[in-house]
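First up is the structure itself, then whatever we jot down about it.
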Amino acid sequence: MAIATYCLVALDCPDPQALAAFYAEILGGEVTKDSDEDWYDLHAPGGHRIAFQLAPGHTPPKWPRADDNSQQMHLDFHVRDMDAAEQQVLALGATPLDLDDRNGERGFRVYADLAGHPFCLCRE
């Protein structure tokens, strides 16, 4: 028996509005703002929700380190066309972290979002 039900993933960041808009461009959906400027939600297609919370002094994780500044968490997104999706996320301001998918053998490429959180584009 489950103890809880999934609600959302919350990402700390220096600019919640900008990061919510970044992921809305990737996933679609609707961005809503809480009663203050510190919290935005992305209601993505399929009922998924990602929240973005203001974190003054936010320091992005260093990928792929496993010491005191490890990646902590990351998001994976399925894509049909890896090269086209890569061009789109780069145009939105993503930073490439590890693009060597070994000619498709590995099946994913790693990027950082506007706040430095790692995320992966993964082949369907």
Side-chain angles (χ1 to χ4, degrees):
M1 178 175 192
I3 295 172
T5 58
Y6 172 81
C7 177
L8 61 86
V9 170
L11 299 178
D12 291 346
C13 58
D15 187 344
Q17 182 177 15
L19 196 57
F22 173 84
Y23 280 108
E25 288 292 325
I26 293 173
L27 298 173
E30 178 186 359
V31 174
T32 60
K33 180 175 73 83
D34 198 37
S35 60
D36 58 37
E37 297 294 318
D38 293 351
W39 188 278
Y40 285 77
D41 288 310
L42 170 59
H43 301 272
H48 304 287
R49 184 171 150 217
I50 305 173
F52 306 90
Q53 176 178 318
L54 179 64
H58 169 74
T59 302
K62 304 289 187 221
W63 188 88
R65 289 172 40 183
D67 57 10
D68 62 343
N69 192 19
S70 69
Q71 70 174 326
Q72 300 146 20
M73 56 81 62
H74 71 272
L75 302 171
D76 285 352
F77 304 119
H78 281 132
V79 297
R80 289 191 176 121
D81 183 331
M82 182 73 75
D83 293 328
E86 176 175 287
Q87 291 307 310
Q88 291 171 313
V89 300
L90 293 175
L92 291 170
T95 302
L97 296 178
D98 183 356
L99 302 184
D100 182 12
D101 65 358
R102 298 183 203 115
N103 294 320
E105 176 187 321
R106 190 172 74 170
F108 67 92
R109 297 177 189 169
V110 186
Y111 309 83
D113 66 22
L114 303 178
H117 303 109
F119 70 93
C120 296
L121 297 180
C122 305
R123 294 191 195 285
E124 283 189 319

Approximate separation, where rounding is to 0.5 Å, of [X] [atom1] and [Y] [atom2]:
X	Y	atom1	atom2	answer
F52	Q17	CZ	CD	12.0 Å
Q88	D83	CD	CG	11.0 Å
R109	D101	CZ	CG	4.0 Å
L11	Y40	CG	OH	15.5 Å
L99	F108	CG	CZ	11.5 Å
T95	H117	OG1	NE2	12.5 Å

Ignoring hydrogens and angles, tell me if any N or O in the side chain of [X] forms a donor-acceptor pair with the backbone of [Y] under 3.5 Å.
X	Y	result
H58	D15	no
R49	D41	no
D76	H78	no

Kindly work out whether a path of hydrophobic side-chain contacts (I/L/V/M/F/W/Y, heavy atoms less than 4.5 Å apart) joins [X] to [Y].
X	Y	value
V31	L92	yes
I26	L8	no
L27	M82	yes
L42	L114	yes

Check [X] against [Y] and note the closest heavy-atom contact, atom names and distance.
X	Y	value
C13	L19	CB-CD2, 3.6 Å
D38	P16	O-CG, 3.9 Å
E124	R80	OE1-CG, 2.9 Å
P60	G116	CB-CA, 3.5 Å
V79	A85	CG1-CB, 3.7 Å
E86	L121	N-CD1, 3.8 Å

Note to self: Checking I50 against L75 for the side chain to side chain contact (heavy atoms under 4.5 Å, CB included) test, could you report, in this order, the C-alpha distance in whole Å, the side-chain angles of both residues, the deciding distance, and whether it holds?
What the structure shows: CA-CA 10 Å; I50 305 173; L75 302 171; 4.3 Å; yes

Notebook entry, point to check: Mind checking what makes side-chain hydrogen bond (donor to acceptor under 3.5 Å, both in side chains) contact with T32, not counting sequence neighbours?
Noted result: H43

Checklist line | Stepwise side chain to side chain contact (heavy atoms under 4.5 Å, CB included) test for Y111 and L90 | finding: CA-CA 9 Å; Y111 309 83; L90 293 175; 4.2 Å; yes

Next item on the list: Name the orientation class of the two ring planes belonging to F77 and Y23 (parallel below 30°, tilted from 30 to 60°, perpendicular beyond 60°).
Entry: tilted

